[in-house]
Amino acid sequence: EAGVVQSPRYKIIEKKQPVAFWCNPISGHNTLYWYLQNLGQGPELLIRYENEEAVDDSQLPKDRFSAERLKGVDSTLKIQPAELGDSAVYLCASSSRGSSSTDTQYFGPGTRLTVL
Amino acid sequence: TQLLEQSPQFLSIQEGENLTVYCNSSSVFSSLQWYRQEPGEGPVLLVTVVTGGEVKKLKRLTFQFGDARKDSSLHITAAQPGDTGLYLCAGAKQAGTALIFGKGTTLSVSS
């Protein structure tokens with residue numbers, strides 16, 4: 001079974017430029033997460049989707065960040081315009097709500113963004 | 001305020017040594033997970049604990065969930081260079097909610 005796929009793996013842009021990241025979750029997973037991870041830190045949630053609905057976007061800086069999950073499968077995270085402080089790894093994860101009380105999240109390899 | 005405090009932040013040991021990583025909080029979690037992350041990769045789940053006092057073993061790794069479900073520990077016996085990585089604890093306040101991650105413990109095991 002294929003894991004969570006993210007692209008690109010690396011992106012270098014100048015500040016004030018736009019950038020977009022793409023995520024393809026594990027087939028059948030209805031929940032999709034976007035996390036931001038700074039070097040040597042734990043991931044921090046940006047947005048969580050249940051199917052195509054954003055159910056938790058309280059930590060998403062909406063002045064410059066946007067996300068969409070059309071059709072409840074793939075998702076795109078966009079930054080416009082990018083700032084120097086946005087340099088980080090952007091992780092996508094997916095999970096499937098099962099009968100247990102815990103959801104196992106499967107992470108993609110992330111996109112490392114460098115803003116110059 | 002960091003909801004989940006991990007300690008130590010960095011750990012550098014020799015092959016064969018034992019170590020313990022701690023994950024503490026003042027909040028109660030319905031479940032707590034431990035992940036291991038290697039450079040350039042996403043976190044990979046090691047274990048999930050859901051019951052207070054629960055102990056789970058994964059080969060040389062022993063995970064414990066505190067009785068009050070506010071803290072957890074990861075103990076590695078006879079560490080090997082392959083154990084090197086970033087160890088993250090993450091808790092869910094309620095089932096189906098997003099995980100809250102600690103800042104992680106960077107472990108380096110040298111031969």
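In what follows, every heavy atom counts, from backbone to side chain, and hydrogens, waters and symmetry copies are set aside.
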Practice problem: Check the pair B/Thr48, B/Gln33 against side-chain hydrogen bond (donor to acceptor under 3.5 Å, both in side chains), reporting the backbone distance first and the verdict last. | Solution: CA-CA 4 Å; B/Thr48 300; B/Gln33 300 179 339; 3.3 Å; yes
Quiz item: Could you go step by step and tell me if B/Phe63 and B/His75 meet the ring-ring contact (aromatic ring centres under 6.0 Å, His included) rule?
Solution: CA-CA 6 Å; B/Phe63 305 85; B/His75 183 78; over 10 Å; no
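With a threshold of 4.5 angstrom between heavy atoms, A/Gln105 approaches chain B through its backbone and through its side chain. Contacts of B/Phe10 with chain A are absent, with no heavy-atom separation under 4.5 Å from either backbone or side chain.
Residues B/Leu107 and B/Leu11 have side chains in contact (heavy-atom distance under 4.5 Å, counting atoms from C-beta outward).
Here the options are A/Tyr33, A/Trp34, A/Tyr35, the test is ring-ring contact (aromatic ring centres under 6.0 Å, His included), and the partner is A/Phe107; only A/Tyr35 passes.
Of all the listed residues (A/Cys92, A/Gly110, A/Pro43), the one sharing the greatest number of non-hydrogen pairs under 4.5 Å with chain B is A/Pro43.
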